[in-house]
Amino acid sequence: MARSVRSPIVAMIATAALAVTIFFGTGSAQADTAPPNSSTPNTVAADALPTAQINGVVWTQTIVGNTVYVGGQFTRARPAGASAGTSEVTRNNLMAYNLSTGVMTSFNPNLNGAVRAITASPDGSRIYVGGAFTTVGSVTRTRLASFSTATGGLDSSWKPTANNTVRALGAFGSTVFAGGSFTSANSQGRQRIASFTGSTGSLGTWKGTVPDGAVNALTVSPNGDRVVIGGSFTSYNGATTPGYGMAATNSSSGAGMTWNIGKLIKNAGPNGSILSLTSDSGGVYGTGYDYGPGAMFEGTFRASWSSGNTVWIEDCHGDTYSAVPVGDVVYTTAHAHFCGNIGGFSETSPRTFHRTLAFTKNATGIITRNSTGGSYFNFEGRPRPSLLTFYPDINAGNFTGQNQGPWNVAANSQYVLYGGEFTLVNNKRQQGLVRFAVSSIAPDKEGPRVTGASFTPTLTTPTAGTVKVTWTSNYDRDNELLTYRVLRNGAVVRTQTGLSVDWSRPTISWTDTGRTPGTTYSYQIRVSDPFGNTVTGDAVSVRAASAATLTQTPDPTASTEPKVAHDVNLLPAPEVAPDAQLVPEPQVVPEPEAVPDLNVVPEPAVVPDLNVLPAPKGQE
């Protein structure tokens, strides 16, 4: 699910002679690779960089230095650009590629079951892997294994066990924390969470009572004193507020700790779950899904490490699978179809899905009342981030049967990586993995999208010797501010700028005066982004009206409504958002408990199947 409030995307008209301009209003531009407002954060560019591909689904990714470790359910991998079934090599469920080049490495450990979680040791010398596998090559490893990042070799001394799937991993100091569906670890009772020493794999003291569901995600606090867990479990150590789908725990004993957002967001049971948790020094970022009674949240939240207070919520309608903070931006992957309650795109029919979203790390406004009806929970009045202009096109794949695209996002200061089951990125073949980079190392070749016959102006002659040129804004995958040039008979006669995104393309008009009545003129619109990527629409022609012909050539774009004088500084009224630098971290203690309505049945959504088939038999 998700929610949305339409952001005032407006056209900013540049100063120019020759005509009367039409003013569309004022408002804050959304950030992109070259944001109009320098106070907003830059996103990575939307250019899809060549990346190794896989033939199944990616569930997890971890960056260690210049290497990306990838886990999931797949049997083959191939280079960027290769068609499915060509240039393939064997890679069973775990592989690696070079972060800078996207080229696959020789790392080929050959696991016989799905990999659901990867984390690195604090010093980066090894990775820990969890999943449904029982062997690595010919060596027994029961759902947990460790590998050297220097050699790629299996760690012969680290061999803890779990009796069911491991779905989440985290490491701090000399301890590895694990969550999943298991009920024993190292042959001792551990209900869905357990810790191990990072060197020998011996069982640690972190444990708790998680009686049902699964732990799908966990993250460790910067000082290592707390571990936050999330999943489909309905209580933790007997508590439900928090404890229903989320809990903060003492990293040594597993004792429950204050986690106020867990009193508000309650996702668990058969119809909902917290799907991912990541963190940095600024807090915890979590995502979830809601498919019916007992759950109430889709989207992303940010909570403070201090008591788990709510910093912001984005309640876009659509299950959200993964989120990662990097710099001043939080990147997510979802199948979002409505972000109107937070100033984003509206619901369309048929639905339009945005599978990659980016948000400001800081709160910038307030959620408005849900406008789509149905069973969506009303988060009205709570702080929200701003949606940023980063909209690469990623399709839905069919490997899991759930018609989803990316399932996981990972990032460092230069790259943002998506992994999943998609087969196309920006309308080009790219299966399962893709990289995006900051503008300084990206091609920056993603320009305006609409061209040719689809990008032509409407021409009218409202008065003698004038031509009114009207066109719909173009859009760009990673730039909101575009520059338009009006060409008359092939020569530029007008330049102005405007703000637009794929889901909001304002109409722009300009009136060309001083034309010779009875003469035919040709007009085209040329549009460029801040990096010089340019497209030009087809030309259309019109005969400038004379006084004698005006009664026969009414302006079809003219309004028949009575004219009312408007203050251009008031219409349309921009949404007022507080300066992100001035918004303090909310200290809401405690959050009000929000109990999911067990009697409300929401609209159909996609249920993430945590035991996705095809999975090797006997592995889950």
Side-chain angles (χ1 to χ4, degrees), residues 1-7 9 27-33 35 37 39-46 261 265 275-280 282-288 297-304 310-345 353-368 379 382-392 394 406 408-411 416-418 436 438 477-480 501-504 575 577-581 583 585-586:
M1 301 175 169
R3 57 204 79 224
S4 181
V5 174
R6 194 166 183 81
S7 171
I9 303 295
S28 298
Q30 299 179 43
D32 48 37
T33 52
N37 187 337
S39 66
T40 56
N42 292 51
T43 64
V44 293
I261 199 167
I265 293 177
L275 291 176
S276 78
L277 292 168
T278 51
S279 63
D280 59 13
V284 176
Y285 307 82
T287 68
F297 175 69
E298 297 178 340
T300 311
F301 67 80
R302 176 185 169 190
S304 70
T310 302
V311 177
W312 54 249
I313 293 170
E314 63 86 359
D315 66 339
C316 293
H317 299 347
D319 302 338
T320 303
Y321 307 114
S322 180
V324 62
V326 55
D328 296 325
V329 180
V330 177
Y331 296 91
T332 73
T333 183
H335 66 258
H337 49 88
F338 173 79
C339 287
N341 293 352
I342 64 165
F345 44 88
F353 295 101
H354 288 84
R355 295 186 172 88
T356 60
L357 297 179
F359 300 92
T360 56
K361 186 175 175 180
N362 293 323
T364 57
I366 299 298
I367 298 173
T368 61
F379 288 101
R382 297 187 178 275
R384 64 159 176 85
S386 288
L387 189 64
L388 306 181
T389 303
F390 175 67
Y391 297 112
I394 300 185
N408 178 266
V409 58
V416 175
L417 317 173
Y418 288 89
F436 299 96
V438 295
R477 288 178 172 132
D478 56 11
N479 292 120
E480 188 183 8
V501 288
D502 67 336
W503 45 270
S504 181
E575 179 179 357
D579 188 329
Q581 304 299 320
V583 178
E585 181 181 286

Closest non-hydrogen contact found for Arg477 with Pro392 is CD-CA, 4.2 Å

Please confirm whether the backbone N or O of Ile394 pairs with a side-chain atom of Arg355, one donor and one acceptor, at under 3.5 Å?
-> yes

Over all heavy atoms of both residues, which pair between Pro383 and Val311 is shortest? Give the atoms and the distance, please.
-> CG-O, 3.2 Å

Could you tell me whether a side-chain N or O of Thr43 sits under 3.5 Å from a main-chain N or O of Phe390, the two making a donor and an acceptor?
-> no

Atom CD in Glu314, atom OG1 in Thr332: separation rounded to 0.5 Å?
-> 5.5 Å

With distance as the sole test, does Ser386 use its side chain to make a donor-acceptor pair with the main-chain N or O of Thr364 at under 3.5 Å?
-> no

Indicate yes or no for a side-chain donor-acceptor contact from Ser322 to the backbone of Val409 under 3.5 Å, with no hydrogens or angles considered.
-> yes

Checking Thr320 side chain against Thr300 main chain: does a donor-acceptor pair fall under 3.5 Å?
-> no

CG of Asn408 to CG of Leu275, rounded to nearest 0.5 Å, is 11.5 Å

Shortest non-hydrogen contact from His337 toward Phe345 | C-CE1, 3.6 Å

Got a second to check how far Leu388's CG is from Asn42's CG, nearest 0.5 Å?
-> 10.0 Å

Between CD1 of Ile342 and CZ of Phe379, what distance do you get to the nearest 0.5 Å?
-> 12.0 Å

Over all heavy atoms of both residues, which pair between Ser276 and Ala323 is shortest? Give the atoms and the distance, please.
-> OG-N, 3.6 Å

Qualifying residue, where the test is side chain to side chain contact (heavy atoms under 4.5 Å, CB included) with Val416 and the options are Val44, Val329, Val438 | Val44

Rounded to the nearest 0.5 Å, how far does CZ of Phe359 lie from CG of Leu387?
-> 5.0 Å

Look at the rings of Phe297 and Phe301 and say which category their plane angle falls in: under 30° parallel, 30 to 60° tilted, over 60° perpendicular.
-> tilted

When rounded to the nearest 0.5 Å, the distance separating OG1 of Thr356 from OH of Tyr418 is 5.0 Å

Tightest non-hydrogen contact, residues His335 and Tyr321, listed as ND1-OH, 2.9 Å

Tightest non-hydrogen contact, residues Pro41 and Asp328, listed as CB-CB, 3.6 Å

With Trp312, which of Val330, Ile366, Thr360 fulfils side chain to side chain contact (heavy atoms under 4.5 Å, CB included)?
-> Val330

CA sep, side-chain torsions, deciding dist, call: Tyr331, Phe436, side-chain contact (heavy atoms from CB on, under 4.5 Å) | CA-CA 11 Å; Tyr331 296 91; Phe436 299 96; over 6 Å; no

Apply side-chain contact (heavy atoms from CB on, under 4.5 Å) to the pair Tyr285 and Asp280, showing each step before the final yes or no.
-> CA-CA 9 Å; Tyr285 307 82; Asp280 59 13; 3.2 Å; yes

Within the side chain of Arg302, is there an N or O that forms a donor-acceptor pair under 3.5 Å with the backbone of Gly282?
-> yes

